[in-house]
Protein chains: 2
Amino acid sequence: MTQAAFFVLTALADQPRHGYGILREVEELSEGAVQMRVGTLYGVLDRLTADELIVLDREEVQQGRLRRYYRLTDEGTAALDAEAERLAAGASAAKKRIAEGRRTPGSAPGTTGAPGTGHGLAGGLA
Amino acid sequence: MTQAAFFVLTALADQPRHGYGILREVEELSEGAVQMRVGTLYGVLDRLTADELIVLDREEVQQGRLRRYYRLTDEGTAALDAEAERLAAGASAAKKRIAEGRRTPGSAPGTTGAPGTGHGLAGGLA
DNA sequence: AAGAATATATCGGCTCCCGATATATTCAGC
DNA sequence: GCTGAATATATCGGGAGCCGATATATTCTT
């Protein structure tokens, strides 16, 4: 799952949205950090549709402008949930290791060559 | 920051490692979920080095085999920390929204009268 | 002697993201 | 009335990045 796909699924998780709405929503939910481009969006939308993670919900004409709404499928919700889990696990693992690295700094001056406890990871988190 | 780069940085967060060791470590820390390929690794290593997020720590010859160890720079640690934060925020936002979507399923009319009701999520997290 | 594991590295293909571009309507400002 | 910004759709070419295959070499296991 690509970053862009993840954010599109997230934007659609609470309610169906149309393309342009997804763009604004992604920006908003990421607090401005992610600014997805139109060129990215439609490719993602096509791929997610082909994978049946989203479907075309309905088409509306609002003030003369066409709005094409997409929504998550059950499979899409499950995929998003699983991906969120993976991301959280990865973030957690990274933070844990950063802390470990600070305790026993990498190429410690002087002490190089004596790793002591062989290798102290793999504690295994959830 | 790409997924592969994130996992390489994470593998190096606690101590310097050589290429092949990174491969095994990524698999271990992700509990088998991520299996990075050699073809991916060296491109990532080159890019991270160019960006000065990692540096060549030392070269050892162990049992006739060359081992090229890399370690994080301060900038690399900071980048990993920031990325972990972003990932955690994204995962948190996704889960929150999945829950919201379950409360107000699909194309539910009614409650969505006011546009932009400032649903500010992703507020705080670890 | 053969095969797996360790350890390095490169290359072509393919997927995917982005910037640019195109079209069309509505609304605010001048 | 005209212009520009916002809304809303869509496509295309370039480039970045991941993967599978491939290559080389040593050590360990069978």
Take B/Gln62 and B/His18 through the side chain to side chain contact (heavy atoms under 4.5 Å, CB included) test and state the conclusion after the steps.
CA-CA 12 Å; B/Gln62 200 110 22; B/His18 61 281; over 6 Å; no
According to a strict under-4.0 Å criterion, is A/Arg24 in side-chain N/O contact with OP1 or OP2 of D/dA6?
no
So, taking the atom named CZ in A/Arg58 and the one named CZ in A/Arg67, what distance separates them when rounded to the nearest 0.5 Å?
9.5 Å
C/dT6 C1' sits how many Å from B/Leu66 CG, rounded?
12 Å
Rounding to an integer number of Å, can you tell me how far A/Glu25 CD sits from D/dA8 P?
13 Å
If I take atom CG in residue B/Leu23 and atom P in nucleotide C/dA7, what distance separates them, rounded to the nearest angstrom?
11 Å
Answer yes if A/Tyr69 and A/Leu53 sit in the same cluster of Ile, Leu, Val, Met, Phe, Trp and Tyr residues linked by side chain heavy atoms under 4.5 Å apart, and no otherwise.
no
Checking contacts here: which listed nucleotide (C/dA5, D/dT9, D/dC18) is nearest the side-chain heavy atoms of B/Tyr20?
C/dA5
Distance, rounded to the nearest Å, where B/His18 contributes NE2 and C/dT6 contributes P:
9 Å
With rounding to the nearest 0.5 angstrom, report the CD to CD distance, B/Glu52 to B/Glu75.
6.0 Å
Do B/Leu41 and B/Val55 belong to the same hydrophobic cluster, where Ile, Leu, Val, Met, Phe, Trp and Tyr are linked whenever their side-chain heavy atoms lie under 4.5 Å apart, directly or via other members?
no
Got a list of protein N/O to nucleotides 10-13 of chain D N/O distances below 3.5 Å?
unit_1, atom_1, unit_2, atom_2, d
D/dA10, OP1, A/Arg68, NH1, 2.1

Send over the distance from B/Met36 CE to D/dG20 C1', rounded to a whole Å.
15 Å
Value for CG (A/Leu72) from CG (A/Asp81), rounded to nearest 0.5 Å, stands at 11.0 Å
Let me know, please, whether B/Arg67 or A/Ala5 comes out on the 5' side of the other along DNA chain C by nearest nucleotide.
B/Arg67
Residues, nucleotides or ligands: over 12 heavy atoms within 6.0 Å of B/Asp74 CG
no
OP1 or OP2 of C/dA20 versus the side-chain N and O atoms of A/Arg37: is any pair under 4.0 Å?
no
Should the pair B/Glu100-B/Arg103 be classified as a salt bridge under the 4.0 Å nitrogen-to-oxygen rule?
no
Nearest nucleotide by nearest heavy atom, which residue falls closer to the 5' end of DNA chain C, A/Val44 or A/Gln62?
A/Val44
Among D/dT7, D/dG20, C/dC17, find the nucleotide with the atom closest to the side chain of A/Thr2.
C/dC17
Separation of atom CD in A/Gln35 from atom C1' in C/dC17, rounded to whole Å:
15 Å
Is it possible for you to say whether B/Tyr42 and B/Ile54 belong to one hydrophobic cluster, with membership spreading through side-chain heavy-atom contacts below 4.5 Å?
yes
In whole angstroms, how far is the C1' atom of D/dA8 from the CG atom of A/Leu56?
15 Å
Could you list, one pair per line, each protein nitrogen or oxygen that sits under 3.5 Å from a nitrogen or oxygen of nucleotides 23-30 of chain D, together with the distance?
unit_1, atom_1, unit_2, atom_2, d
D/dT26, O2, B/Arg65, NE, 3.2
D/dT27, O4', B/Arg65, NH2, 3.0

Roughly, in whole Å, what's the span from CG in A/Leu48 to C1' in C/dC17?
14 Å
